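Since we're looking at a predicted model, the values are computed, not measured. Order of the sequence lines sets the chain letters (A, B, ...), proteins ahead of strands, with each chain counted from 1. When reading the values below, keep in mind they use all heavy atoms of this one structure, side chains included, and skip hydrogens, waters and symmetry mates.
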Amino acid sequence: MSLLTVSGVTVRRGGRAILREVSASFSAGQFVAVIGGNGAGKSTLLSVLAGLLKPDQGEARLDGQPIGRFDRKALARRRAYLPQNPRCDWPISVERLVALGLTPTLPAFGRLTADVQVRVDRAVEACDLASQRDQAATTLSGGELARAMLARAMVGDPEVLIVDEPMAGLDPRHALDTAGRLQGLAASGKLVIAAVHDLTLAARFASHVLGMREGQVVALGPMATTLTSVLLHDIFDVEACVSGEGATATVDYVAGAPKGV
Amino acid sequence: MRRGAALIPLLLAAIVILVAVSMLAGIVWLSPAQALGAFSAGPTDLARLIIIELRMPRAVLAILTGGALGLCGAVLQGLLRNPLAEPGLLGVSSGAAVGAVIAIYFGLTARFPYAAPVLGMCGAMAATALTFAFGRGGTLSIILAGAAVSGLGGAAISLALNLAPNAGGAFEIMTWLMGSLSDRSWDHVWLAAPFILVGAAILAGTARSLDALALGEAQAESLGVDLDRLRLTVLAGVALCVGAATSVAGVIGFIGLIAPHLVRPFVGHQPSRTPLPSALCGAALLLAADIGSRLLRFNSTEIKLGVFTALVGTPFFFWLVLRLRKTAP
């Protein structure tokens, strides 16, 4: 059964439709890579899926329930959302930043309990941040901050994880680590939906792909059968070559190929 | 031991010491023995009058006002994620000032002594409501709306000064605007205290949400924070606190700006742990400033409290701007 669906979702901003009649459904255990050019509506779709943006038409449903009807905290416990280029405004420690991911489960007052500390420790270790644990979040490098934010999103062990470009700005090792971690989460039965620009990483780690163009879904399906050079041409207007499958898949662009060849 | 565990006891100790000093210091210096004797003396005893009717309400008002300003500064800086935020920024102080000026300008203070405080609170509420109405849709717009409301308040005050029927009226307005705790009575305390305490209680409930807001609005919302409700809660709490504080003490700037910055390093910069120590720090700062303003005299004229805090606070503000310019990308 589908865990998360959108049906007939249209979002307009300033007279322009950013999403047009988008319908899609996602199940637990999938790692869906959302791909598309700049301005294709990826981030907007992720916001709608996270229940943070109310579409002008249509709706998103989690477990068959309209996502707008969920209690904010109850929803926050079940799905985590990480926007593009997240930042931290105060120089709080990395450990504290990660603990913020547990906000919906914390009481209104009081200190962190031992149980919370254990979960924070686990997330900090998992995202390779042990040596930055006490560092101020504002002094982290871009890649370190991105990892800290991912740890923040994962610490609450959500059923649904929606992340906007989690691998942007990461060095190859940490990009691979992150993609592998998202794959692992999906393998353990979670639903992971991530906007991804690195198509090779997407092809190797994601189980499904959702291709977008001009606010519409062009394709949604299993990675191996859906990510083809034809699809990439449809989405990006470039000649691309998809070779291999699974862990060895590679997506190459053919540079300078004239249009219509 | 947790970092900053000693901070609150230290601030409380500082407040106790400053209250003691504020009982003794002034035009008439009292010895500790005289001060203690005042409590058992007869009702006509001079020391008793000075301590119980003049200096105690003054100290209590300094704690209430300074605490309210420090608390509101910390909560506003957390909400707006802006280290320059303070009650003045949202136009709350300005609105309170307009309310009080209207009371003075129309001579309402002569007929009804508490017209200035009451209208001051109404002005603060109106200014806050205006800021909120125009500031919907984000942190930047709320700051701009606050600046616009402050500007409006400033214009209204200038207009009142411009039209003041006689020099006496204008002088009264100017004096009130400078902010002071002199000649305040227990009546002022009873008038302001309930509003400040209710406002503080409202603001206390926002701690976790302020923490989540450190990650920005989108993440805070995804963590279950209702941003619209949070903004409304903070603005209501701030209007009650600052409206009441400003209406009894006049316009006192910079306490709300400085106090949060002083305590933040000791609480790991956590927005949720800043408000309480910031309130205590604001109370201590205003007590100290009140003692300072009482003792600094030029030709027997007392320096007004608001003038004193502005003189001391402005260099800090410049330092803050310089530091922000260095750290800004």
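Put simply, of A/Ala76, A/Cys88, A/Pro91, the one with the most heavy-atom pairs under 4.5 Å next to chain B is A/Pro91. Comparing A/Ile162, A/Leu53, A/Leu75, A/Leu100 by how many heavy-atom pairs each has under 4.5 Å with chain B, the most go to A/Leu100. Among A/Ala136, A/Pro83, A/Ala137, A/Ala50, the residue with the largest count of heavy-atom pairs under 4.5 Å with chain B is A/Pro83.
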Check: How far apart are the C-alpha atoms of A/Arg72 and B/Val225, what are their side-chain angles, what is the distance that settles it, and do they pass the side-chain contact (heavy atoms from CB on, under 4.5 Å) test?
Finding: CA-CA 7 Å; A/Arg72 279 166 189 277; B/Val225 175; over 6 Å; no

Check: A/Asp89 and B/Leu215: side-chain contact (heavy atoms from CB on, under 4.5 Å), yes or no, with the steps?
Finding: CA-CA 7 Å; A/Asp89 285 302; B/Leu215 300 172; over 6 Å; no

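Surrounding CZ of B/Phe195 are at most 12 heavy atoms belonging to other residues, nucleotides or ligands under 6.0 Å away. Annotation: B/Phe134, atom CZ; neighbour count of heavy atoms from other residues, nucleotides and ligands within 6.0 Å does not exceed 12.
Side chains of A/Leu102 and B/Leu223 form no contact here, defined as non-hydrogen atoms less than 4.5 Å apart. A 4.5 Å side-chain heavy-atom check between B/Gln270 and A/Trp90 finds every atom pair outside the cut-off. When side chains are defined from C-beta on, A/Thr138 does not count as touching B/His269, because their heavy atoms never get closer than 4.5 Å.
Rounded to the nearest 0.5 Å, atoms CZ (B/Arg208) and CG (A/Leu106) are 4.5 Å apart. The CD1 atom of A/Ile92 lies 7.0 Å from the CG atom of B/Asp211; values are rounded to the nearest 0.5 Å.
Of the possible donor and acceptor atoms, one in the side chain of A/Arg79 sits under 3.5 Å from a partner among the backbone N and O of B/Ser222.
For A/Arg77, no part lies near chain B; criterion is any non-hydrogen pair under 4.5 Å.
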